[in-house]
**Q** 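This structure is in structure tokens; I'll ask about it shortly.
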Amino acid sequence: MPCRECVRIAPVRVAAAALLIGLVVSAGAAVNRAAAQEKKKPTEPPAAGPAEQKPATEEQGGSAKDQELFREVVERLLQTEQVRKHFPPNFQFPPKTHILPKSAKVYNAFAEYHVVDPATKKILTKAVVTEGYMDHIVKGDADVLAAVMGHELAHIIKRHAYLYGKKELTTYAFSREQEIEADLEGVKIAVAGGFPYRSGIRNAYRAWKVFGEITNFEGVKATHPTWVERLRLLDRDQAHIWQAMAAFRNGYYFLHMEQYRTAETCFEDVVEEFPECGEAWANLGYARLMQYCDGLEAKDLRGLGIGQIAAGCFYDRPPGLAPTVRGGDEKLWRAAVQALETALRRQPKLVLPNANLGLAYLVHPQGKQPELALEHFGKAYTSKDKGLNDLSLAALLINFGVAEQALGRSREAADKFRAARTALLAARKSDIKYQVEDALLYNEALVLAGGDREGQGKAFETLQVYLSFASPDSTWWPLAHEHYEKLGTALARKPAPRADLAKRVGGNVLRLVTSVEVAPGKLITVSDSTPKTLTRLGRARSVGIPIFHRSKVKRYFEVSPGVDLLAGEQVLAVFLTSDQAPRVTLQATGVGARKRDLRVGMPVGEFLEIIKSQPTERRFVDDPTITYLFVSDLGLGARLGPDRVEEMVLAVVPRKLGP
């Protein structure tokens with residue numbers, strides 16, 4: 001089984017880069033060489049082959065017990081027909097294998113092609129595991145070590161080459177293909193050595209717990225597949241569970257990115273497979289409710305007469321495993337409430353479904369219903385739920401306070417807001433945390449504004465801070481400005497110019513673009529399953545064109561009018577190639593924020609005006625001769641002509657570091 005960042009090396013001596021967990025520390029001579037030589041790695045194997053030189057004697061690391069375990073396991077693997085029969089004839093057998101010394105804080109295992117033996121003229125190879133990996137992943141388990149070293153030997157047998165010297169999307173995809181191939185081949189090697197099949201699963205599960213996990217969406221720009229994806233392929237008996245887990249984690253990520261329509265499709269997949277998963281139903285209801293709230297305009301909020309609601313009440317893990325509508329979509333509201341009520345039927349002790357039902361009744365299509373809202377907030381507040389983190393608690397308390405304020409209970413509202421501020425101090429930093437802080441400022445100001453003159457003065461100052469930090473595209477921003485000007489008049493204080501406040505400290509922040517809707521109900525999402533996407537589009541039999549030799553990554557042309565896909569097992573990029581392609585909606589962060597449409601064929605000047613505050617870089621996706629102006633923070637690129645946008649692409653491209 002693989003390490004978190006094992007390295008495939010071309011036939012030249014290139015030290016493997018060690019992945020460090022926590023502080024960067026020295027890991028011995030081999031690791032120290034890695035940083036110095038990293039920039040010298042070729043993008044493909046050189047024609048001349050490796051240089052002839054004598055290999056250095058390897059120093060052994062690890063305890064005596066670990067060394068003995070390592071020797072016994074590796075000897076069994078090397079004696080299998082799976083290794084001996086398939087070992088490349090131009091490689092020296094056996095490969096060098098050892099525990100890397102002075103590497104207790106390095107969690108890694110890697111294989112490398114070495115130098116040429118001057119006597120045999122064969123290439124020397126090496127498969128190594130670090131002391132940190134032995135201590136924290138292997139833990140004395142021979143079966144797990146067999147899975148680790150089987151994976152590294154598989155890289156050598158399969159002659160996996162280092163191809164991603166330049167951080168480009170397609171070469172990263174090829175790297176992930178090689179990792180999956182080494183996973184499957186490594187398990188075969190371990191089984192051939194008499195080790196049980198499930199050791200590979202156990203290793204992957206341990207590594208996932210130690211290293212943490214990224215989502216499939218984030219994994220598009222990674223060299224290695226996600227651990228959940230690996231477990232889905234390895235754990236055949238429970239593949240459906242790991243697939244649902246991947247969908248849940250993707251949905252959770254999209255909720256953080258405020259891509260509520262995309263998140264909705266993820267949680268719909270989870271509840272279809274596991275209808276008893278209350279957390280998935282709760283998050284599905286939240287995704288729908290936030291879409292409804294995004295459709296509210298300032299005039300709707302004036303009619304409701306409530307404070308600023310806070311996002312953030314959704315689950316980050318499942319222990320229980322349309323055209324934009326403005327002005328209040330009652331059908332969407334009811335679908336959200338139905339999902340939240342289903343969550344409570346499945347798991348009555350969950351907190352967040354009640355919290356979001358309270359929010360739903362604050363923004364009821366027929367007008368706020370604060371009594372019902374308070375009933376649900378009260379149930380949520382007095383319940384205990386291990387899935388409730390500090391951010392969710394803060395959002396719950398803010399919305400609870402908004403309901404109290406709607407019934408004129410200012411003192412109770414102020415108590416809830418104070419408790420929310422305490423919870424926020426303990427919450428981890430994130431974009432949603434900043435939005436929750438904005439909502440808290442707004443509501444604290446409303447409470448202060450209802451007090452004496454001193455309180456009104458503090459409200460005036462609080463609103464000025466709010467207007468400087470909150471997005472001017474937020475539906476609540478103009479309402480806050482109205483309160484601010486009224487207080488200024490009442491206090492005989494001069495308000496700051498609206499234009500100055502609207503410049504916003506730190507600039508505006510737009511939501512990441514994750515998907516495009518090619519037809520009602522037909523969403524293409526970056527990172528989604530390719531077969532599933534093609535089936536949804538009615539193109540299940542489409543045959544793509546491989547982008548380079550041996551790669552499963554293909555370009556699928558015209559899967560929908562004006563739409564191409566770049567995809568392997570999952571969708572890597574969505575190309576919008578003509579005026580027939582659907583529009584891409586950009587939206588600022590924050591509930592109910594303003595939206596802007598981008599389209600192929602729009603004037604270049606209009607496009608540049610919309611993205612003017614965003615950092616950009618020139619990148620290619622699948623064809624090095626075609627470059628796009630990429631707004632990496634948004635996952636969006638555009639090929640610009642003299643006067644019009646010729647093409648757009650949705651893709652999560654790796655950060656380009658250096659020239």
Side-chain angles (χ1 to χ4, degrees), residues 248 251-252 254-255 258-272 274-297 300-301 303-315 318 320 322-383 385 387-388 392 395-396 398-400 402-403 406-407 475 521 591-592:
F248 191 100
Y252 169 72
F254 294 141
L255 289 182
E258 299 177 80
Q259 287 294 336
Y260 300 121
R261 177 69 180 88
T262 311
E264 179 186 15
T265 63
C266 292
F267 293 115
E268 284 175 342
D269 287 346
V270 179
V271 298
E272 181 179 358
F274 293 96
E276 297 304 313
C277 183
E279 294 88 357
W281 281 106
N283 284 3
L284 174 60
Y286 174 83
R288 290 172 175 171
L289 184 59
M290 289 299 102
Q291 289 179 72
Y292 169 82
C293 291
D294 266 344
L296 298 174
E297 296 179 327
D300 302 312
L301 298 178
L304 289 169
I306 60 173
Q308 182 170 343
I309 60 175
C313 285
F314 51 89
Y315 290 101
T324 301
V325 178
R326 305 296 291 185
D329 181 349
E330 186 166 349
K331 183 179 179 181
L332 188 56
W333 184 91
R334 295 194 180 282
V337 168
Q338 182 181 29
L340 294 168
E341 290 174 342
T342 301
L344 287 173
R345 285 196 298 272
R346 298 289 190 265
Q347 292 174 250
K349 293 183 180 180
L350 291 179
V351 170
L352 297 188
N354 266 316
N356 284 318
L357 281 169
L359 173 57
Y361 285 106
L362 274 181
V363 293
H364 194 286
Q366 304 304 321
K368 65 186 177 192
Q369 299 183 17
E371 293 86 357
L372 276 174
L374 280 178
E375 179 183 336
H376 286 289
F377 283 130
K379 289 178 182 178
Y381 190 57
T382 56
S383 300
D385 184 351
L388 193 67
S392 296
L396 186 162
I398 291 171
N399 294 335
F400 198 170
V402 170
L407 286 172
T475 309
V591 179

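Along the sequence shown, residues carry numbers from 1.
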**Q** State, with a plain yes or no, whether a side-chain heavy atom of Leu350 is found less than 4.5 Å away from one of Trp281.
**A**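 No, every pair of side-chain atoms sits at 4.5 Å or beyond.
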**Q** Any heavy-atom pair between the side chains of Glu272 and Glu268 that's under 4.5 Å?
**A**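 Heavy-atom side-chain distance check fails, nothing below 4.5 Å.
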**Q** Where do Phe254 and Ala263 come nearest, in terms of heavy atoms and distance?
**A**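 It is CB-CB, 3.8 Å.
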**Q** Are the side chain of Arg346 and the backbone of Pro275 linked by a donor-acceptor contact shorter than 3.5 Å?
**A**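 The answer is yes, because a donor-acceptor pair under 3.5 Å joins these two groups.
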**Q** Going from NE2 on His364 to OH on Tyr292, what distance comes out if it is rounded to the nearest 0.5 angstrom?
**A**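 OH of Tyr292 is found 8.0 Å from NE2 of His364.
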**Q** For residues Gln308 and Ile398, report the shortest heavy-atom separation together with the two atoms involved.
**A**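 Minimum heavy-atom separation between Gln308 and Ile398: O-CG2, 4.1 Å.
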**Q** Find the distance between CD (Gln338) and CD (Glu341) and round it off to the nearest 0.5 Å.
**A**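 Rounded to the nearest 0.5 Å, the CD-CD separation comes out at 8.0 Å.
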**Q** Can you give me the closest heavy-atom contact between Ala355 and Phe377, atom names plus distance?
**A**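 Minimum heavy-atom contact is O-CE2, 3.2 Å.
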**Q** Quick check: do Leu357 and Leu344 have side-chain heavy atoms less than 4.5 Å from each other?
**A**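 Leu357 reaches Leu344 side chain to side chain.
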**Q** Are the side chain of Gln347 and the backbone N or O of Gly278 linked by a donor-acceptor pair below 3.5 Å?
**A**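 Side chain of Gln347 to backbone of Gly278, a donor-acceptor pair under 3.5 Å: yes, one is there.
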**Q** Atom OG1 of Thr342 and atom CG of Leu284: how far apart are they, to the nearest 0.5 Å?
**A**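 Answer rounded to 0.5 Å: 8.5 Å.
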**Q** In the structure I gave you, are the side-chain heavy atoms of Met290 and Leu359 within less than 4.5 Å of one another anywhere?
**A**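 A side-chain contact under 4.5 Å exists here.
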**Q** What heavy-atom pair brings Ala339 and Arg288 nearest, and what distance separates the two atoms?
**A**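 Scanning both residues completely, I find the closest heavy atoms to be CB-NH1, 3.9 Å.
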**Q** Is any side-chain heavy atom of Leu289 less than 4.5 Å from a side-chain heavy atom of Trp333?
**A**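 Contact flag for Leu289/Trp333 side chains = yes.
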**Q** Quick check: closest heavy atoms across Ala380 and Val351, and the distance to 0.1 Å?
**A**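 Between these two residues, the closest heavy atoms are O-CG1, 3.4 Å.
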**Q** Is Tyr260 close to Asp294 at the side-chain level, that is, under 4.5 Å between some pair of heavy atoms?
**A**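 Yes. Closest side-chain heavy atoms under 4.5 Å.
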**Q** When rounded to the nearest 0.5 angstrom, what is the spacing between OH in Tyr286 and CG in Asn356?
**A**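 Tyr286 OH to Asn356 CG: 7.0 Å, rounded to 0.5 Å.
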**Q** With side chains defined as the heavy atoms from C-beta onward, is the minimum distance between Ile306 and Val363 less than 4.5 Å?
**A**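 Of all side-chain heavy-atom pairs linking Val363 with Ile306, at least one is under 4.5 Å.
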**Q** Output the distance between atom CD (Glu258) and atom CD (Gln291), rounded to the nearest 0.5 Å.
**A**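 Separation between the atoms: 12.5 Å.
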**Q** Please report the interatomic distance CZ(Arg261) to CG(Leu332), rounded to the nearest 0.5 Å.
**A**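 The distance works out to 9.5 Å.
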**Q** Between Lys379 and Asn354, what is the shortest heavy-atom contact and its length?
**A**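 Smallest heavy-atom distance, with atoms named: CB-ND2, 3.7 Å.
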